[in-house]
Amino acid sequence: MVPVVEESAIIGKRQVVTGHVRVRTVTDTVEELAHASVQREDIEVTRVPIDRVVETAPEIRTEGDVTIVPVLEEVLVVEKRLVLKEELHIRRRVETETVEVPVTLRKQRAVVEREPPDGAAVDDKADPETDNPPPR
């Protein structure tokens with residue numbers, strides 16, 4: 001009688017640490033000049049004497065870029081009359097000025113370092129084709 005022998009294989013898996021990854025952020029600051037346009041508005045008031053008798057008070061009106069505000073006074077004579085004393089002519093002037101203000105801008109970037117099991121840090125700038133670190 002011939003003995004029959006049979007082999008069997010058992011396959012298992014286990015986790016093995018092959019290295020660690022360290023991620024840190026670096027904040028860089030950059031000085032730049034910020035450019036902006038700002039407007040300033042000046043008001044110029046001119047008094048224009050009129051001294052004319054009117055029946056009713058004139059309305060505030062606008063002629064071009066000038067706003068005219070009537071100034072009235074009641075004068076006592078034999079009868080009461082409405083006298084337009086003066087008008088205020090108000091003109092707006094808009095000036096645009098470019099200003100430069102130094103500002104500090106912050107930019108963050110991530111640095112990834114791989115640590116092999118022996119503990120030496122490897123920079124993430126390794127060649128992805130060969131996974132070899134660059135020469136130091």
Side-chain angles (χ1 to χ4, degrees):
M1 176 177 270
V2 176
V4 178
V5 178
E6 177 181 337
E7 291 184 344
S8 63
I10 299 174
I11 298 175
K13 61 181 179 177
R14 62 187 170 102
Q15 290 185 350
V16 176
V17 176
T18 59
H20 297 277
V21 174
R22 178 182 303 145
V23 178
R24 61 186 169 95
T25 59
V26 178
T27 301
D28 300 322
T29 58
V30 180
E31 294 289 328
E32 292 185 8
L33 286 179
H35 299 276
S37 293
V38 294
Q39 288 186 341
R40 181 179 63 223
E41 195 171 41
D42 294 324
I43 302 297
E44 175 186 314
V45 177
T46 306
R47 293 178 178 268
V48 179
I50 302 291
D51 282 327
R52 179 174 21 125
V53 176
V54 293
E55 296 297 321
T56 60
E59 296 290 324
I60 296 175
R61 64 187 190 278
T62 301
E63 294 179 2
D65 63 345
V66 177
T67 301
I68 300 172
V69 178
V71 178
L72 301 168
E73 176 183 65
E74 288 183 338
V75 178
L76 187 59
V77 286
V78 177
E79 60 187 5
K80 185 166 79 169
R81 295 183 188 163
L82 194 56
V83 176
L84 177 61
K85 284 305 275 183
E86 66 178 337
E87 293 177 335
L88 299 179
H89 292 213
I90 301 170
R91 177 174 287 118
R92 290 179 183 219
R93 289 189 319 223
V94 176
E95 295 179 15
T96 300
E97 175 183 348
T98 300
V99 295
E100 292 182 347
V101 179
V103 294
T104 300
L105 302 178
R106 293 182 294 234
K107 296 179 184 177
Q108 282 192 335
R109 57 187 167 88
V111 177
V112 178
E113 297 172 343
R114 277 185 263 148
E115 294 180 2
D118 62 12
V122 176
D123 193 1
D124 193 38
K125 292 185 175 125
D127 183 7
E129 301 273 332
T130 61
D131 204 30
N132 292 329
R136 298 190 189 250

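Values in this document were obtained by computation on a predicted structure and should not be read as measured data. Just so you know, these numbers use all the heavy atoms, side chains as well, and skip hydrogens, waters and symmetry mates. Start at 1 with the first residue, then count along the sequence.
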Heavy-atom side-chain proximity of [X] to [Y] below 4.5 angstrom:
X     : Y     : value
Val48 : Glu86 : no
Val75 : Arg81 : no
Glu63 : His89 : no

Find the distance between [atom1] ([X]) and [atom2] ([Y]) and round it off to the nearest 0.5 Å.
X      : Y      : atom1 : atom2 : value
Arg114 : His20  : CZ    : NE2   : 14.0 Å
Leu88  : Thr46  : CG    : OG1   : 9.0 Å
Thr62  : Ile68  : OG1   : CD1   : 8.0 Å
Thr104 : Glu31  : OG1   : CD    : 3.5 Å
Thr56  : Leu84  : OG1   : CG    : 10.5 Å
Thr25  : Gln108 : OG1   : CD    : 4.5 Å

Decide, yes or no, whether a salt bridge links [X] with [Y] under the criterion of side-chain N to carboxylate O below 4.0 Å.
X     : Y     : result
Asp51 : Lys85 : yes
Arg91 : Asp65 : yes
Glu87 : Arg61 : yes

Inset, instruction - For the residue pair Glu97 and Ser37, confirm or rule out a side-chain donor-acceptor distance under 3.5 Å. - result: no

Legend entry - Verdict with supporting geometry, Arg92 and Ile43, side-chain contact (heavy atoms from CB on, under 4.5 Å): CA-CA 5 Å; Arg92 290 179 183 219; Ile43 302 297; 3.8 Å; yes

Is [Y] reachable from [X] through a run of hydrophobic residues whose side-chain heavy atoms are each under 4.5 Å from the next?
X     : Y     : result
Ile60 : Val71 : yes
Leu72 : Val83 : no
Val30 : Val26 : no

Inset, instruction - Let me see the working for Arg93 and Asp42 under salt bridge (charged side-chain N to carboxylate O under 4.0 Å, His left out), right down to the final yes or no. - result: CA-CA 6 Å; Arg93 289 189 319 223; Asp42 294 324; 3.8 Å; yes

Legend entry - Where Pro70 and Pro58 come nearest, the two heavy atoms and their spacing: CG-O, 3.1 Å

